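Structure, as structure tokens:
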Amino acid sequence: MAQLTGLLGYPVHHSVSPQMQNAAFNEQGLSFEYEKFNVPPEQLQQAVEALKTFHYKGCNVTIPHKTAVMPFLDEISEEARRIGAVNTIVNENGVLVGYNTDGAGFVKGVERLMNRRISSQDTILVIGAGGASRAICYALANKNPKVVAIANRTEAKATQIANDCLRESDVVLSLQQAEEQLASFGIVINTTSMGMNEDDPLPLSLTHLNEGTYVIDIIYNPFQTKWLTLAKEKGAIIDNGVAMLVFQGALAFTKWTGKEPNVSLMEQIVVKSVGGNYVIR
Ligand code: ATR
């Protein structure tokens, strides 16, 4: 009988995770299946209990359940606890353990873009202070770069993330300070939703951007935001949010199966489903 996995979210109809994961399972001849479940908040506890009842190997968790799911799990990894959100559950012999692979997935994407590891020389600016920013900040700080700076419209939310997920030596900036100091960062990341809609303002002015800076927008629909296009015109090396989506999924795949998936295959499926151009870099 196939090992069962899936996605708990609300809504989930737009998710490409089933195609991405099932293709990767099939390619390796693994008897695993991934299905999406539209779970309203009041049914979340029941859905988590059903994972045990029906011997699920695990599942992913997405909006709006990433934090709400935590009290219903048996154990939470240190990483997920610090981030304050779970995106992957593993059923470890009847014990449901919550992990977060979003931040580590993002880091893998950046390291692929740069073709090197994040090092103690790196200066990184993160714009935004929502759930995605928390996971990304935690994972980046864990790699011990020279500095992680966080800037957000609502500064109090950035300060909260700095306290929970960053190091003493990291900094909180206003958006204006971040714009003025932009040339001092080698890696600049947009985690806000600014750019999802055609008429959105830019998340941050790029007037002071240096050529050769790595600029990453975690949005993947549109495939290349106006902000990324502008960054590219100014000589930046750009990437969108496909890599984060693929690598967080790849890390979950490994937690469930113990095997490494074919990341290129997963990426091709995501890119095709969002109607993008495969080569962005
Ligand atoms: P997620 O959990 O997906 O990361 P979120 O929690 O909705 O998303 O966070 C959205 C981010 O986009 C926040 O940083 C938010 O800024 P605030 O904390 O000030 O709300 C940012 N954002 C949303 N609309 C914005 C706008 N019009 N201008 C600037 N930032 C905006």
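Ligands are counted one by one from 1 in listed order, and the atoms in each one are counted from 1 as well. Model, not experiment: these values are computed from the prediction. Values below: all heavy atoms of this structure, side chains included; hydrogens, waters and symmetry mates excluded.
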Mark yes or no for whether Asn100, through its side chain, and Ala80, through its backbone, hold a donor-acceptor pair below 3.5 Å.
-> no

Please indicate whether any nitrogen or oxygen in Met194 is less than 3.5 Å from any nitrogen or oxygen in ligand 1.
-> no

Taking only heavy atoms of Lys157 into account, list the atoms of ligand 1 that are under 4.0 Å away from them.
-> 17 (P), 18 (O), 20 (O)

Do any nitrogen or oxygen atoms of Ile63 lie less than 3.5 angstrom from nitrogen or oxygen atoms of ligand 1?
-> no

Relative to atom 14 (O) of ligand 1, which among Leu175, Thr192, Val126, Asn152 owns the nearest non-hydrogen atom?
-> Asn152

Just by modelled atom types, is the Ile76 backbone N or O under 3.5 Å from a matching donor or acceptor in the Arg81 side chain?
-> no

Identify the closest protein heavy atom to atom 6 (O) of ligand 1: which residue and atom is it, and at what distance?
-> Gly130 CA, 3.3 Å

Side chain of His208, backbone of Ser184: donor and acceptor closer than 3.5 Å?
-> no

Pick out which of Leu182, Ile150, Ile187 makes a side-chain contact (heavy atoms from CB on, under 4.5 Å) with Leu125.
-> Leu182

State whether any protein heavy atom lies less than 4.0 Å from atom 4 (O) of ligand 1.
-> yes

Carefully, step by step, assess Asn87 and Asp102 under the rule side chain to side chain donor-acceptor pair (under 3.5 Å).
-> CA-CA 7 Å; Asn87 82 322; Asp102 286 327; 3.1 Å; yes

Nearest option to atom 19 (O) of ligand 1, as decided by whichever heavy atom of Ile150, Thr154, Asn190, Leu202 sits closest = Thr154

For Ala132, the atoms of ligand 1 under 4.0 Å from one of its heavy atoms are 1 (P), 2 (O), 4 (O)

Considering only the protein, which heavy-atom contact is closest to atom 23 (C) of ligand 1, and what is its distance?
-> Ser193 OG, 3.6 Å

Would you say Asp122's side chain and Ser119's backbone share a donor-acceptor pair under 3.5 angstrom?
-> yes

Are the side chain of Asn221 and the backbone of Phe223 linked by a donor-acceptor contact shorter than 3.5 Å?
-> no

Mind checking whether Phe253 and Phe25 have parallel, tilted or perpendicular rings, split at 30° and 60°?
-> parallel

Backbone or side chain, does any N or O of Gly128 fall under 3.5 Å from an N or O of ligand 1?
-> no

The answer for which part of Arg153 has a heavy atom under 4.0 Å from ligand 1 is both

Could you tell me the residue and atom name of the protein heavy atom closest to atom 2 (O) of ligand 1, and the distance to it rounded to 0.1 Å?
-> Gly131 N, 2.9 Å

